[in-house]
Engineer: 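Here it is: the structure, laid out below.
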There are 2 protein chains.
Amino acid sequence: MHTRRYHHGDLRAALLTRAEQTLREKGPGALSLRELARDLGVSHAAPSRHFKDKQALLDALALAGFERLDEALSASRDAAGEAFTDRLRGFVRAYVDFARANAELLDLMYTIKHGPAASEALIAAGQRLGAMAGELVAEGQRSGEVREGPVDSIAMPVFTTLHGFASFAVSGVLSAEEATSGFDAVFAYILRGCGPS
Amino acid sequence: MHTRRYHHGDLRAALLTRAEQTLREKGPGALSLRELARDLGVSHAAPSRHFKDKQALLDALALAGFERLDEALSASRDAAGEAFTDRLRGFVRAYVDFARANAELLDLMYTIKHGPAASEALIAAGQRLGAMAGELVAEGQRSGEVREGPVDSIAMPVFTTLHGFASFAVSGVLSAEEATSGFDAVFAYILRGCGPS
DNA sequence: ACCTGAACACCGTTCAAGT
DNA sequence: ACCTGAACACCGTTCAAGT
């Protein structure tokens, strides 16, 4: 009864934080606006001030996921050395690690359910990731470690492999052990796929 | 009031058929056991005789999806000629076409939500697909069009690329046009990734 | 064996009203 | 501006009872 009241405008942030926590711990099916409101000590109608819809909250969650993935990939790039293969390897690693550490969130990010309003922002976020892959490929072309040709026609398949591997790891098609032991094979295959001649 | 009664045991099949229809037409959020029952002129408690859970129905739907994908891939193999690249190309085509024609179903098939009971059967279904990719790769090795090495270390990345591309097409990361125009680039990249030397 | 009808606890969403 | 409380229509699930 003496719980915080959240008149400060941080209810929105609190809802997102808590939602991601229950998504991670109990899965997407357990996400309920009413329970979120209960957990935060707020009336069940309060969330509607910040998210017009349950879908709107899910959209915001997915968008936050893209932003964090973006940061993780940027960080991996900044941490890498000069060598192209190291940089590419770090990029792949960062994506796969994020996927495995945020399985439910990744599932949500790439789910089909997003409303057309949010899809725009989500697709833009996805394209930012694709652009990062494109920069990496362009670097590789300049150093001669990636074959000539339109950047997108190389970066798209590379990114696609990356995502497929992460998706298989997340959905359980690959077990945790297979995902770990298969990384090198996937990376070697990616190098072959984009390498010269 | 004079609707069919389904005492024949075909309620289970009717539920699945109808469920897939509304999944396709109105999306996963619109799937409700009660509405399904209503649509089929049956009491709202009737489905529970055939599916202990809503999740059990979703699991069955996903499993049926894997079976149909399996058939589509088998059919593509039987329809293909002798040449390895044609056979591989047909395999990739069949997977991508299935994905684009059954977007919501593919999303469900690879979703993370499946109960541990069903996961076993679903993972087995996924592994059957992987085995088909493995056979194809082994053929390519025999004809010298795929490089030497453990079959799985080549088939897994190939299948992964396939799935990543399909997943991007389904989730809207790639527009319909990009998915169409990007196919050749992806296929060329797959050939490079598994090719010799 | 298969289905019905009522019951229960829980949703998402809306809206007047409060502060 | 932000939140509450009541209300509405809809769920999934269970269980006695019917055929």
Side-chain angles (χ1 to χ4, degrees), chain A residues 1-23 25-62 104 108 111 113-118, chain B residues 1-23 25-62 104 108 111 113-118:
Chain A
M1 309 306 159
H2 323 83
T3 46
R4 281 250 197 72
R5 298 293 258 306
Y6 295 104
H7 349 63
H8 326 302
D10 56 358
L11 178 55
R12 194 192 134 96
L15 283 165
L16 285 174
T17 301
R18 181 77 191 182
E20 193 191 331
Q21 186 183 346
T22 85
L23 179 68
E25 290 169 3
K26 306 202 239 167
L31 254 183
S32 134
L33 286 180
R34 284 180 105 111
E35 186 173 4
L36 244 36
R38 246 179 274 130
D39 290 345
L40 268 54
V42 104
S43 98
H44 66 259
S48 76
R49 291 290 131 181
H50 300 276
F51 300 103
K52 87 175 226 300
D53 238 7
K54 184 181 184 181
Q55 189 58 50
L57 183 141
L58 295 177
D59 293 345
L61 220 43
E104 299 84 1
L108 177 63
T111 205
K113 272 184 68 178
H114 300 291
Chain B
M1 314 307 156
H2 322 82
T3 46
R4 280 251 197 72
R5 297 294 258 308
Y6 294 104
H7 349 61
H8 327 303
D10 56 359
L11 177 55
R12 194 191 133 94
L15 283 165
L16 284 174
T17 302
R18 182 76 193 183
E20 192 189 332
Q21 188 183 344
T22 85
L23 179 67
E25 290 171 0
K26 304 200 239 166
L31 255 184
S32 133
L33 287 180
R34 283 180 106 112
E35 186 173 3
L36 245 34
R38 243 178 277 132
D39 290 345
L40 268 52
V42 102
S43 96
H44 66 258
S48 74
R49 292 289 131 183
H50 301 278
F51 301 102
K52 86 174 225 301
D53 241 5
K54 185 180 184 183
Q55 188 58 50
L57 182 142
L58 294 177
D59 292 346
L61 219 44
E104 299 84 2
L108 178 63
T111 205
K113 270 185 70 177
H114 301 292

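So you know, we letter chains A, B, ... as the sequences are listed, proteins then strands, and number each from 1.
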Engineer: What is the distance from CG of B:Leu36 to C1' of D:dG12, rounded to the nearest Å?
Structural biologist: 13 Å
Engineer: Tell me: CG of A:Asp53 to P of C:dG12, nearest whole Å?
Structural biologist: 11 Å
Engineer: Specify the separation, in whole Å, of atom CG of A:Asp10 and atom C1' of D:dC2.
Structural biologist: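 So the CG-C1' distance, A:Asp10 to D:dC2, works out to 12 Å.
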Engineer: Looking at B:Arg34, does any N or O in its side chain come under 4.0 Å of the phosphate oxygens OP1/OP2 on D:dA9?
Structural biologist: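 B:Arg34 to D:dA9 OP1/OP2: no side-chain N or O under 4.0 Å.
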Engineer: Figure out the CG/P separation between B:Leu58 and D:dC11, and round it to whole Å.
Structural biologist: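 Taking atom P of D:dC11 as the reference, CG of B:Leu58 is at 15 Å.
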Engineer: Roughly how many Å is it from NE2 in A:His50 to C1' in D:dC2, rounded to a whole number?
Structural biologist: 7 Å
Engineer: Hey, are the side chains of B:Gln55 and B:Lys113 touching, using non-hydrogen atoms and a 4.5 Å cut-off?
Structural biologist: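 SC-SC contact between B:Gln55 and B:Lys113 confirmed.
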Engineer: For D:dG5 and A:Ser43 - does any side-chain N or O of the residue sit under 4.0 Å from the phosphate oxygens OP1/OP2?
Structural biologist: no
Engineer: Nearest whole Å is fine: how far is C:dT13 P from A:Leu57 CG?
Structural biologist: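 Going from CG in A:Leu57 over to P in C:dT13 covers 10 Å.
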Engineer: Ignoring backbone atoms, establish whether A:Ser48 has a side-chain N or O less than 4.0 Å from OP1 or OP2 of C:dT13.
Structural biologist: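 Answer is no, no contact under 4.0 Å.
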Engineer: Starting at CG of A:Asp39 and ending at C1' of C:dC10, how long is that distance when rounded to a whole Å?
Structural biologist: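 Distance check: A:Asp39 CG to C:dC10 C1' gives 15 Å.
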Engineer: Pick the nucleotide of DNA chain D nearest each of B:Arg49 and B:Lys54; which residue has the one closer to the 5' end?
Structural biologist: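 Nearest-nucleotide comparison on DNA chain D picks B:Lys54.
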Engineer: For the side chain of A:His44, starting at C-beta, report the closest nucleotide among D:dT4, C:dC3, D:dA7.
Structural biologist: D:dA7
Engineer: Nearest-Å distance, CG (B:Leu15) to C1' (C:dC2)?
Structural biologist: 13 Å
Engineer: Just to confirm, is there a sub-4.0 Å distance from OP1 or OP2 of C:dC11 to any side-chain nitrogen or oxygen of A:Arg38?
Structural biologist: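 Yes, because at least one side-chain N or O of A:Arg38 sits under 4.0 Å from OP1 or OP2 of C:dC11.
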Engineer: Any side-chain heavy atom of B:Leu57 sitting closer than 4.5 Å to one from B:Leu61?
Structural biologist: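 Yes - at least one pair of side-chain heavy atoms lies under 4.5 Å apart.
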Engineer: Do side-chain atoms of B:Lys54 reach the backbone of B:Leu31 as a donor and acceptor pair under 3.5 angstrom?
Structural biologist: yes
Engineer: Which comes earlier along DNA chain C counting from the 5' end, the contact point of A:Lys52 or that of A:Glu35, where each point is its nearest nucleotide?
Structural biologist: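 Per heavy-atom nearest nucleotide, the more 5' residue is A:Glu35.
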Engineer: Please examine the side chains of B:Leu33 and B:Leu15, heavy atoms only from C-beta on, and report whether any two atoms are closer than 4.5 Å.
Structural biologist: no
Engineer: Look through every strand shown and name the nucleotide pairing with C:dG18 as Watson-Crick or G-U wobble, where both distances are under 3.5 Å.
Structural biologist: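 When the pairing criteria are applied, D:dC2 turns out to be the nucleotide that pairs with C:dG18.
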Engineer: What is the base-pairing partner of C:dC8, counting Watson-Crick and G-U wobble geometry with both distances under 3.5 Å?
Structural biologist: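 C:dC8 is paired with D:dG12.
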Engineer: Less than 4.5 Å apart, side chain to side chain, heavy atoms only: is that true for B:Phe51 and B:Leu16?
Structural biologist: yes
